[in-house]
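Accompanying notes for the structure given below.
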Amino acid sequence: MNPASERLRVIEGDITTLAVDALVNAANSTLLGGGGVDGAIHRAAGTRLFLKCAKLGGCATGNAKITPGFKLRAKWVIHTVGPVWSGGGKGEDELLASCYRSSLKLAREHNIRTIAFPAISTGVYRFPLDRATRIAVETCRAELAQKKLPEQVTFVAFSPEAFATYQRELSAS
Ligand code: AR6
């Protein structure tokens, strides 16, 4: 198996187009859709995703739930709910790390080999990008060092700035 560092990569683009086993969605606690990446995933997956999500009973911040990907190229969507940034004193860092850990745990339980994450909480939820990127990379790196699955984690940056931020963090030891 490759070392954990070789199993993490960043690309810039639209997560909904990727042919990975699972996409992670930055959802809200209702799981009933919204704007940003959540809206894009629901539009691309079709109404069956909404109907499936409506039966899940919501999701707590820091947790994750899984559905099929329906019309997406990805077989699965893992819906996780990031924290709303409110200054950093409300457990936001730990809740964000928990999103990554919970998503990777669900992925392992479904034998998912390849998974793509958006920059959870860094849009509407206003988590500072540098800080969120560090948590994303450190948390995934630590998980991959301990587990065989997923084999590869792709971080999907939606701007050149986010791409550069991930690259910087991925090249830091
Ligand atoms: N592909 C990849 N990344 C994207 C895409 C895309 N198609 N679209 C946006 N991003 P956000 P949050 C990036 O706001 O902050 C929703 O309404 C975006 O640039 O989607 O966790 C939910 O329903 C940003 O870096 O999610 C919740 O109510 C990142 O995805 C709330 O927003 C996350 O931005 C969740 O807020």
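Indexing begins at 1, ligand by ligand and atom by atom, following the structure's order.
Short contacts between ligand 1 and Gly34, defined as distances under 4.0 Å to a heavy atom of the residue, involve ligand atoms 17 (O), 23 (O). Near Thr122, meaning under 4.0 Å from one of its heavy atoms, ligand 1 places the atoms 15 (O), 24 (C), 25 (O), 29 (C). The atoms of ligand 1 that sit less than 4.0 Å from any heavy atom of Gly13 are 1 (N), 2 (C). Close approach of ligand 1 to Asp38 (heavy-atom distance below 4.0 Å) involves ligand atoms 22 (C), 23 (O). For ligand 1, the atoms lying closer than 4.0 Å to a non-hydrogen atom of Phe158 are 1 (N), 2 (C), 3 (N), 4 (C), 5 (C), 6 (C), 7 (N), 8 (N), 9 (C), 10 (N), 13 (C), 19 (O).
In this structure, the protein non-hydrogen atom closest to atom 1 (N) of ligand 1 is Ile15 N, 3.0 Å. At the top of the distance list for atom 14 (O) of ligand 1, counting protein heavy atoms only, stands Val124 N, 2.8 Å. The closest protein non-hydrogen atom to atom 20 (O) of ligand 1 is Val37 N, 2.8 Å. From the protein, the heavy atom lying nearest to atom 7 (N) of ligand 1 is Asp14 OD1, 2.9 Å. The protein non-hydrogen atom at the shortest distance from atom 33 (C) of ligand 1 is Ala119 O, 3.3 Å.
In the hydrophobic clustering, Leu72 connects to Ile11, Ile15, Leu18, Val20, Leu23, Val37, Ile41, Leu49, Phe70, Val77, Val156, either directly or through intervening members, whenever side-chain heavy atoms lie under 4.5 Å apart.
Remark: Asp130 engages Arg168 in a salt bridge (charged side-chain N to carboxylate O under 4.0 Å, His left out) (not counting sequence neighbours).
For ligand 1, the polar-atom distance check finds no N/O of Ala26 at less than 3.5 Å from any of the ligand's N/O atoms. Between Gly35 and ligand 1, at least one pair of N/O atoms sits closer than 3.5 Å. Checked by distance only, ligand 1 and Gly36 stay at 3.5 Å or farther apart across all their nitrogen or oxygen atoms. By the 3.5 Å distance cut-off applied to N or O atoms, Thr16 is not counted among the residues near ligand 1.
In this structure, the side chains of Thr165 and Val10 stay at 4.5 Å or more apart for every pair of heavy atoms. By the 4.5 Å heavy-atom criterion applied to side chains, Leu170 and Leu8 are counted as neighbours. By the 4.5 Å heavy-atom criterion applied to side chains, Cys53 and Thr67 are counted as neighbours.
Heavy atoms of Tyr125 found under 4.0 angstrom from ligand 1 belong to the backbone as well as the side chain.
A salt bridge is defined here as a Lys NZ or Arg NE, NH1 or NH2 lying under 4.0 Å from an Asp or Glu carboxylate O, and Glu169 with Arg141 fails to meet this definition.
Judged by distance alone, the side chain of Lys65 and the main-chain N or O of Leu56 form a donor-acceptor pair under 3.5 Å. At least one donor-acceptor pair closer than 3.5 Å links the side chain of Asp21 to the backbone N or O of Thr114.
Selection from Ala27, Ser159, Gly123 by nearest heavy atom to atom 15 (O) of ligand 1 gives Gly123.
Just one residue in the list Thr80, Leu104, Thr154 forms a side chain to side chain contact (heavy atoms under 4.5 Å, CB included) with Phe117, and that residue is Leu104.
Taking the six-membered ring for Trp and thresholds of 30 and 60 degrees, Phe155 and Tyr166 have nearly parallel ring planes, at less than 30 degrees apart.
Using a 4.0 Å cutoff on heavy atoms, Ser121 counts as a contact of ligand 1.
There is a side-chain donor-acceptor pair under 3.5 Å between Glu92 and Ser86.
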